[in-house]
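Residue numbering restarts at 1 for every chain, and letters A, B, ... go by the order of the sequence lines. Since the model is a prediction, treat every value here as computed from it, not as a measurement.
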Number of protein chains: 2
Amino acid sequence: MSDPLSLTFAALADPTRRAILARLSEGDATVNDIAAPFAMSLPAVSKHLKVLETAGLITRSRTAQWRPCHLEAAPLKDANGWISRYRRFWEASFDRLDDYLAELQAGDPDKKS
Amino acid sequence: MSDPLSLTFAALADPTRRAILARLSEGDATVNDIAAPFAMSLPAVSKHLKVLETAGLITRSRTAQWRPCHLEAAPLKDANGWISRYRRFWEASFDRLDDYLAELQAGDPDKKS
DNA sequence: GCTTTATTAAACTCATAAGCTAATTAACCT
DNA sequence: AGGTTAATTAGCTTATGAGTTTAATAAAGC
């Protein structure tokens, strides 16, 4: 229904799902493995995995009764591409912060003493 | 209620809001200016702006009866920081794609003729 | 064939998101 | 004061998200 970028950002907008991706960055894992650290039912985790799969952030294979999940970073590349177009704005802010810090360092000569 | 990163990603998960940010990257704008391109009521746009404001992606000042919106990219920096930790994964995919393209270029000697 | 293990599906609740129209606030202009 | 313009609030509808428990599916192992 939604465009791919919206699906990706929506999938990333949940801390549980971001934690799942972090876990998968260390290697493939089964649903039970993935669910273990969470204080949440297995079906809930299964739903999170479906959201990630729909967004293309994971794929699942079938080995016996296990469905190991695998990280797929391609959508992250697109998300990164979108955000990166704003880099100059946050770097500009950093420059201003640097100026401010330099000013502080200099003893803020105009404002006090 | 949510953590800042979740708020940021949730805010970005809507194409209207992403378009608003794109518009603001060209300069500050009033609510009416922002709303003009969208086939949507003004209150709907106003709500989108509130979502962006709550996520810290915009700030609003008051000039007479106008409330010009200003892009604030700091949350994008954090979102970028989170995503960037996965860069090696999508670059790895790219490497594989490069290999594949190189293989195609070479005439795929093992598979046909 | 029956049981255990792994995972998903179904059916439900509750909260929030996105949109609308109509009404309200706020500031400007005569 | 009264009218116009800019923007938000209120109240509503509809859809979706996140979680639950219980039930079903699929494959393995005895």
Side-chain angles (χ1 to χ4, degrees), chain A residues 1-24 27-71 75, chain B residues 1-24 27-71 75:
Chain A
M1 206 74 107
S2 295
D3 61 291
L5 206 46
S6 296
L7 282 177
T8 302
F9 282 130
L12 296 181
D14 184 288
T16 301
R17 289 194 289 263
R18 290 198 303 278
I20 291 173
L21 293 180
R23 166 66 185 83
L24 290 178
D28 294 3
T30 67
V31 178
N32 267 297
D33 289 345
I34 292 165
F38 300 106
M40 169 185 317
S41 69
L42 210 55
V45 172
S46 190
K47 279 193 186 177
H48 281 303
L49 291 172
K50 178 173 266 175
V51 172
L52 291 170
E53 189 175 33
T54 301
L57 285 160
I58 66 168
T59 49
R60 284 187 269 192
S61 46
R62 313 197 138 213
T63 308
Q65 68 267 54
W66 294 276
R67 245 126 296 176
C69 298
H70 177 76
L71 177 66
Chain B
M1 206 73 108
S2 295
D3 61 291
L5 205 47
S6 296
L7 282 177
T8 303
F9 282 130
L12 297 180
D14 184 290
T16 300
R17 288 194 289 262
R18 290 198 303 277
I20 290 173
L21 293 180
R23 166 67 185 80
L24 291 179
D28 294 2
T30 66
V31 178
N32 267 295
D33 289 344
I34 290 166
F38 299 107
M40 171 185 316
S41 70
L42 210 55
V45 172
S46 190
K47 280 194 186 178
H48 281 304
L49 291 173
K50 178 172 267 177
V51 172
L52 290 170
E53 189 176 32
T54 301
L57 284 160
I58 67 169
T59 49
R60 285 187 269 193
S61 45
R62 313 195 137 212
T63 310
Q65 68 267 54
W66 294 276
R67 248 130 290 182
C69 298
H70 178 75
L71 177 66

Does [X] put a side-chain nitrogen or oxygen below 4.0 Å from OP1 or OP2 of [N]?
{"X": "A:Ser46", "N": "C:dT8", "value": "yes"}
{"X": "A:Arg60", "N": "C:dT8", "value": "yes"}
{"X": "B:Asn32", "N": "D:dT5", "value": "no"}
{"X": "B:Ser41", "N": "C:dG19", "value": "no"}
{"X": "A:His48", "N": "D:dG19", "value": "yes"}

Verify, without hydrogens or angle tests, whether [X] (side chain) and [Y] (backbone) share a donor-acceptor contact under 3.5 angstrom.
{"X": "A:Thr54", "Y": "A:Lys50", "result": "yes"}
{"X": "B:Ser46", "Y": "B:Leu42", "result": "no"}
{"X": "B:Thr63", "Y": "B:Trp66", "result": "no"}

Nearest-angstrom distance from the residue atom [atom1] of [X] to [atom2] of [N]:
{"X": "A:Ile58", "N": "C:dT7", "atom1": "CD1", "atom2": "P", "answer": "12 Å"}
{"X": "B:Asp14", "N": "D:dT16", "atom1": "CG", "atom2": "C1'", "answer": "13 Å"}
{"X": "B:Leu49", "N": "C:dA17", "atom1": "CG", "atom2": "P", "answer": "16 Å"}
{"X": "A:Leu52", "N": "D:dG17", "atom1": "CG", "atom2": "C1'", "answer": "14 Å"}

Choose from [options] the nucleotide whose nearest atom is closest to any side-chain atom of [X].
{"X": "B:Met40", "options": "C:dG19, C:dA18, D:dT9", "value": "C:dG19"}
{"X": "B:Gln65", "options": "D:dA18, C:dA27, C:dA9", "value": "C:dA27"}
{"X": "A:Val31", "options": "C:dA27, C:dG19, C:dT7", "value": "C:dT7"}

First encountered from the 5' end of DNA chain D, between B:Leu42 and A:Ala13: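 Mapping each residue to its closest nucleotide by heavy atoms, the 5'-most match is B:Leu42.
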Nearest-nucleotide 5' precedence on DNA chain D, A:Lys47 against A:Arg67: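 Nearer the 5' end of the strand: A:Lys47.
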Sugar-phosphate only, base, or nothing, as touched by B:Thr30 at under 4.0 Å among non-hydrogen atoms: sugar-phosphate
Sugar-phosphate only, base, or nothing, as touched by A:Arg17 at under 4.0 Å among non-hydrogen atoms: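 Sugar-phosphate contact only.
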side-chain contact (heavy atoms from CB on, under 4.5 Å) assessment of A:Ser6 paired with B:Asp14: CA-CA 6 Å; A:Ser6 296; B:Asp14 184 290; 5.8 Å; no
First of A:Lys50 and A:Trp66 reached from the 5' end of DNA chain C, by closest nucleotide: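 Result of the comparison: A:Trp66.
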Lys/Arg-Asp/Glu bridge criterion (N-O < 4.0 Å) met for A:Arg18, B:Asp3: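 Looking at B:Asp3 together with A:Arg18, the answer is yes, because their closest N to O distance falls below 4.0 Å.
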